[in-house]
Amino acid sequence: MRYFDCHLHLPSPDDAGFDRFKQYMESHPNLVGCNLILNSGAEIAVADRRLRELPDCVQIVPPLPLDLSIPERLHSLRWYKIHPALHRISRERISAVVNLIGASQARGVVVHHFPWGDQLEYNTSLELIIQIAQAYPELPVVATHGGGYESWQLRAHTARLKNIYYDFSISLSVYAETDYVKPWIQYVERRRNRILFGSDWPSAEAEPQLKYAAALAQKAGVNESELELQLLENSARLWPRCVMSVNHENR
């Protein structure tokens, strides 16, 4: 099954981590392209220093420049990652983040939504996703991890906001065989044009999650070939440079 991985990371924020990422790309022939998500200043530095070594199918998604300076060539795509826990986005900061998205001329945002840890004051992903989507109805907003244990809340409160997309990266591993992955089946049934594949590698491997996603899609009456094409088409809509040729081959 060929796939575009919308959610990959560096294994470590240094040259060794960059080398491992390159090796990973080379060793996965079904991986047609990806987003390399950056969260920290150290990751920004190594990606900027070695950007020319990456193939065209890799797109850099740096953090929204809240507290960090982002070199221009790392955010020419104008897609940004927002991680409420890492970036300490409390409810009081949400409006400032929403305004900064407009000021940054963003073409899309990826918002971390996997509640974890004891800093509950920064568990603002759901509210943040909704406010961004409402403020910029033409802006694609990718809600990552399917919401984790908040997956049903995510589905209940965002399904009608047509600019929100969903990946279930790592949730398909951590929450396998639980009710928290069942919204994926309903998205396949009812919101098929808004689902994406992400692995969250190196925190989780792609292949087992792809296999599980396909098995869940079968419950919605969608076979693996249909799911493959749908995921590629959805990725091509958001990131056409990386998957356009593959998408056309499937037509």
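Fair warning: this is a prediction, and the values are worked out from it, not measured in the lab. Index from 1, following the sequence.
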Original post:
Any side-chain heavy atom of Pro84 sitting closer than 4.5 Å to one from Asn123?
Top reply: no

**OP:** Verify the cluster assignment for Tyr80 and Ile132: are they in a single hydrophobic cluster under the rule of side-chain heavy atoms below 4.5 Å apart?
**Re:** yes

**OP:** Classify the ring geometry between His83 and His112 as parallel (under 30°), tilted (30 to 60°) or perpendicular (over 60°).
**Re:** parallel

Original post:
Under the 3.5 angstrom rule, does the side chain of Arg155 hit a backbone N or O of Gln186 as a donor-acceptor pair?
Top reply: no

Original post:
Which atom names give the shortest non-hydrogen contact between Val46 and Asp15, and what distance separates them?
Top reply: CG2-OD1, 3.7 Å

Subject >> Any donor-acceptor pair under 3.5 Å from Ser104 side chain to Ile101 backbone >> reply: no

Original post:
So which heavy atom on Gly198 is nearest to which on Gln209, and how close?
Top reply: O-OE1, 4.1 Å

Subject >> Separation between CG of Leu64 and CD1 of Ile82, rounded to the nearest 0.5 Å >> reply: 5.0 Å

Subject >> Gap separating the CE atom of Met1 from the CD atom of Glu207, nearest 0.5 angstrom >> reply: 11.5 Å

**OP:** Test His145 against Ser169 for side-chain hydrogen bond (donor to acceptor under 3.5 Å, both in side chains), laying out the working first.
**Re:** CA-CA 5 Å; His145 311 304; Ser169 50; 2.9 Å; yes

Original post:
Below 4.5 Å, heavy atoms only, C-beta onward: do Thr124 and Gln131 meet side chain to side chain?
Top reply: no

Original post:
Could you give the distance from CG (Leu172) to CG (Asp167), rounded to the nearest 0.5 Å?
Top reply: 9.0 Å

**OP:** Look only at the side chain of Glu150 and the backbone of Gly147, and say whether a donor-acceptor pair between them is shorter than 3.5 Å.
**Re:** no

**OP:** For the pair Glu72 and Arg78, find out whether any cationic side-chain nitrogen is under 4.0 Å from an anionic carboxylate oxygen.
**Re:** yes

Subject >> Nearest-0.5 Å distance, CZ of residue Phe4 to CD of residue Glu233 >> reply: 15.0 Å

Subject >> Considering all heavy atoms, the nearest Val188-Arg192 contact >> reply: O-NE, 2.8 Å

**OP:** Please work out which of the three classes, parallel, tilted or perpendicular, describes the rings of Tyr187 and Phe168, given edges at 30° and 60°.
**Re:** perpendicular

**OP:** Count the heavy atoms of every other residue, nucleotide or ligand shown that sit under 6.0 Å from CG of Asn223, and state whether that count exceeds 12.
**Re:** yes

**OP:** Supply the atom-to-atom distance Leu139 CG to Trp79 CH2, rounded to the nearest 0.5 angstrom.
**Re:** 7.0 Å

Original post:
Heavy atoms, side chains only, cut-off 4.5 Å: are Leu238 and Leu196 in contact?
Top reply: yes

Original post:
Can you say whether the rings of Phe114 and Trp116 are parallel (under 30°), tilted (30 to 60°) or perpendicular (over 60°)?
Top reply: parallel

Original post:
After noting the C-alpha distance and the side-chain angles of His7 and Ile170, does the key distance pass the side-chain contact (heavy atoms from CB on, under 4.5 Å) rule?
Top reply: CA-CA 10 Å; His7 203 129; Ile170 208 171; over 6 Å; no

Subject >> Nearest-0.5 Å distance, CD of residue Glu138 to CZ of residue Arg107 >> reply: 15.5 Å

**OP:** Measure the shortest side-chain to side-chain distance between Asn39 and Pro13 over non-hydrogen atoms and say whether it is less than 4.5 angstrom.
**Re:** no

**OP:** Identify the two heavy atoms, one from Leu8 and one from Cys34, that lie closest to each other, and give their separation to 0.1 Å.
**Re:** CD1-CB, 3.4 Å

Original post:
Is Tyr180 atom OH crowded by more than 12 heavy atoms from other residues, nucleotides or ligands, each under 6.0 Å away?
Top reply: no

**OP:** Measure from the side-chain N and O atoms of Ser90 to the backbone N and O of Tyr122, and report whether any donor-acceptor pair falls under 3.5 Å.
**Re:** no

Original post:
For the side chain of Tyr136 and the backbone of Gly102, is there at least one donor-acceptor N/O pair under 3.5 Å apart?
Top reply: yes

**OP:** Take Asn234 and Gln230 through the side-chain hydrogen bond (donor to acceptor under 3.5 Å, both in side chains) test and state the conclusion after the steps.
**Re:** CA-CA 6 Å; Asn234 295 346; Gln230 186 69 66; 2.9 Å; yes

Original post:
Are Ile60 and Phe21 co-members of a hydrophobic cluster defined by side-chain heavy atoms under 4.5 Å apart?
Top reply: yes

Original post:
Taking side chain as C-beta onward, heavy atoms only, is Cys6 less than 4.5 Å from Asn35?
Top reply: yes

**OP:** Kindly indicate whether the side chain of Met25, heavy atoms from C-beta on, has any atom under 4.5 Å from the side chain of Leu54.
**Re:** no

Original post:
Just by distance, do the side chain of Tyr212 and the backbone of Glu177 share a donor-acceptor pair under 3.5 Å?
Top reply: yes

**OP:** Could you state whether Leu210 and Ile195 fall into the same hydrophobic cluster, counting links through intermediate Ile, Leu, Val, Met, Phe, Trp or Tyr residues with side-chain heavy atoms under 4.5 angstrom apart?
**Re:** yes

**OP:** Check whether any side-chain N or O of Ser151 sits under 3.5 Å from a backbone N or O of Gly146 as a donor-acceptor pair, and report yes or no.
**Re:** no

Original post:
Would you say Asn163's side chain and Ala133's backbone share a donor-acceptor pair under 3.5 angstrom?
Top reply: yes

Subject >> Working for side-chain contact (heavy atoms from CB on, under 4.5 Å), residues Arg237 and Asn193 >> reply: CA-CA 10 Å; Arg237 192 180 316 121; Asn193 65 331; 4.0 Å; yes

**OP:** Indicate the atoms forming the closest heavy-atom contact of Phe18 with Glu53, along with that distance.
**Re:** CE2-OE1, 3.9 Å

Subject >> Sub-4.5 Å side-chain heavy-atom contact between Leu231 and Tyr3 >> reply: no

Original post:
Any donor-acceptor pair under 3.5 Å linking the side chain of Asp5 with the backbone of Ser199?
Top reply: yes

Original post:
Is there a chain of hydrophobic side chains (I, L, V, M, F, W, Y, each step under 4.5 Å between heavy atoms) that links Tyr165 to Ile185?
Top reply: no

Original post:
So does Glu224 have more than 12 non-hydrogen atoms from other groups sitting under 6.0 Å from CD?
Top reply: no

Original post:
Same cluster for Val58 and Trp201 if Ile/Leu/Val/Met/Phe/Trp/Tyr side chains link at under 4.5 Å?
Top reply: yes

**OP:** Flag the pair Lys81 / Leu38 as yes when at least one side-chain heavy-atom distance between them is below 4.5 Å, and no otherwise.
**Re:** no

**OP:** For His157, check side chain to side chain contact (heavy atoms under 4.5 Å, CB included) against everything at least two apart and list the hits.
**Re:** Leu126, Ile130, Gln153

**OP:** Let me see the working for Ile89 and Leu66 under side-chain contact (heavy atoms from CB on, under 4.5 Å), right down to the final yes or no.
**Re:** CA-CA 10 Å; Ile89 300 173; Leu66 289 160; 4.0 Å; yes

**OP:** Identify the heavy atoms of Leu120 and Gly117 that sit nearest to each other, and give their distance.
**Re:** CD2-O, 4.1 Å

Subject >> Expected output: side-chain Arg194 to main-chain Ile164 donor-acceptor under 3.5 Å >> reply: yes

